[in-house]
Amino acid sequence: MSRISTFPLAVILTAISICANADTRTAPQSSAKTLQKAGVASGSQESSFAVDIPRLIEVSVAKVLEDHEDVQLDDLIIEQDGIYFHCNPAAYWRFVNTVTLELPDQSGPASLCEARLVFILKDTLKKNSQVADSASGYCFNTIDFESVRAIVYGSGAIETGRGKGHDGGTVLCDEHRVFLPVDEAIAQYTNQEKPTEDSSSP
Amino acid sequence: MATHDAQGNSLFVVDSPDLIAKTADSVYRERDDIRNNELVATPSMVSVRCEPQQEVRLPVYSDTQCPAPLVISSPCIAYVHFPLRSTFKSDVTVLHDGQCEVHFSYDFVTAQQLENGDILVNGGNGGAGGSQTGDCATLKPYLEIEEAIALHQNALMRESAAITQP
């Protein structure tokens, strides 16, 4: 995991007001993860981002336990899947009071980027699987669960909320979604090897 | 912008203006099929995805043998979607008081940056669409790259000011 550093910020005084609502319809990412590399030497330029996933999970869990006293650490599991950060200057800039619908002062918490983590309440997780096409070996797998969602804003604020979820899809029948206790989810990021560039020479 | 926990430790940093600028430059430099000035932008063009043990395999070319691919471990990867100017299709409806609504669709290309700073310019492509309302005279369903960089820089400045408030 790359380390956090401080990036210089250019002073931009121009305020651009725009309200866009664009939804990605299809975004086939590189499933094979075989990509064309730009003409830059490996590590020749500084990365524009850095993330401390273990700490992110730790502080999110701490806030979840603080906000929801009926939830214990052992109740929570996390799906072994990606953690996403979305950046949008038009969204989440201001926190809206969901009771009064008042916008707080401009100098209040603000965020360009935010991360969302979903902690599933272990005992509520129900997995369902139906054979979709026995000839090709595909199944329709779904899960139902109750959860506590944590949103970590760029300002450092963390919001949590209870919710229910249902999702699923058609996958190969031998593919199974994996859910991990919090400590194991963190260990996935702390136990991995440093970035390597093996097999670089023919 | 850095996020800090109660102990003042940073949790994540995404310098999205820098990311947009660097990846756009790499796309123009490395992809012959992308014409000059073809890339445009949207406010929400930047994201980061982290996945344990995520790695990228890069082909290694050789005329004489079949070398193993270059494998780079990068649990987190930043993605930047660039709509293609020439692919935009839009349908504008006049509302009232000089306001218009535009429905649009476009194709985009994706560039990626790994944790070590490497930039990959063939990270995928696809289509997207949406709608937007605003003044008919200025309504535009996309931003120029320079406008997006300025927008993100401005957001970072506001965020920085908010964080440093006593």
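This structure is a prediction, so every number in the text was calculated from the model and none was measured. Each chain gets a letter, A, B and so on, in the order the sequences are listed, and its residues count up from 1.
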Provide the closest heavy-atom pair for [X] versus [Y] in the form atom of the first, atom of the second, distance.
X	Y	answer
Gly82(A)	Arg49(B)	N-NH2, 3.7 Å
Gln53(B)	Gln188(A)	NE2-O, 3.2 Å
Pro52(B)	Tyr189(A)	CD-OH, 3.2 Å
Leu112(A)	Ala155(B)	CD1-CB, 3.9 Å
Gln113(B)	Ser48(A)	OE1-N, 2.8 Å

For atom [atom1] of [X], is the number of surrounding heavy atoms from other residues, nucleotides or ligands below 6.0 Å larger than 12?
X	atom1	value
Arg85(B)	CZ	yes
Arg149(A)	CZ	no
Tyr138(A)	OH	no
Lys89(B)	NZ	no
Asp33(B)	CG	yes
Gln99(B)	CD	yes

query = Hey, are the side chains of Val152(A) and Phe12(B) touching, using non-hydrogen atoms and a 4.5 Å cut-off?
reply = yes
State, with a plain yes or no, whether a side-chain heavy atom of Phe49(A) is found less than 4.5 Å away from one of Val13(B).
no
Rounded to the nearest 0.5 Å, how far apart are [atom1] of [X] and [atom2] of [Y]?
X	Y	atom1	atom2	result
Leu156(B)	Cys113(A)	CG	SG	7.0 Å
Cys50(B)	Asp81(A)	SG	CG	11.5 Å
Ser47(A)	Leu114(B)	OG	CG	8.5 Å
Leu11(B)	Ile57(A)	CG	CD1	11.0 Å
Glu51(B)	Ile83(A)	CD	CD1	10.5 Å

Is there a side chain to side chain contact (heavy atoms under 4.5 Å, CB included) between Ser47(B) and Phe85(A)? Walk through the geometry before answering.
CA-CA 5 Å; Ser47(B) 62; Phe85(A) 298 78; over 6 Å; no
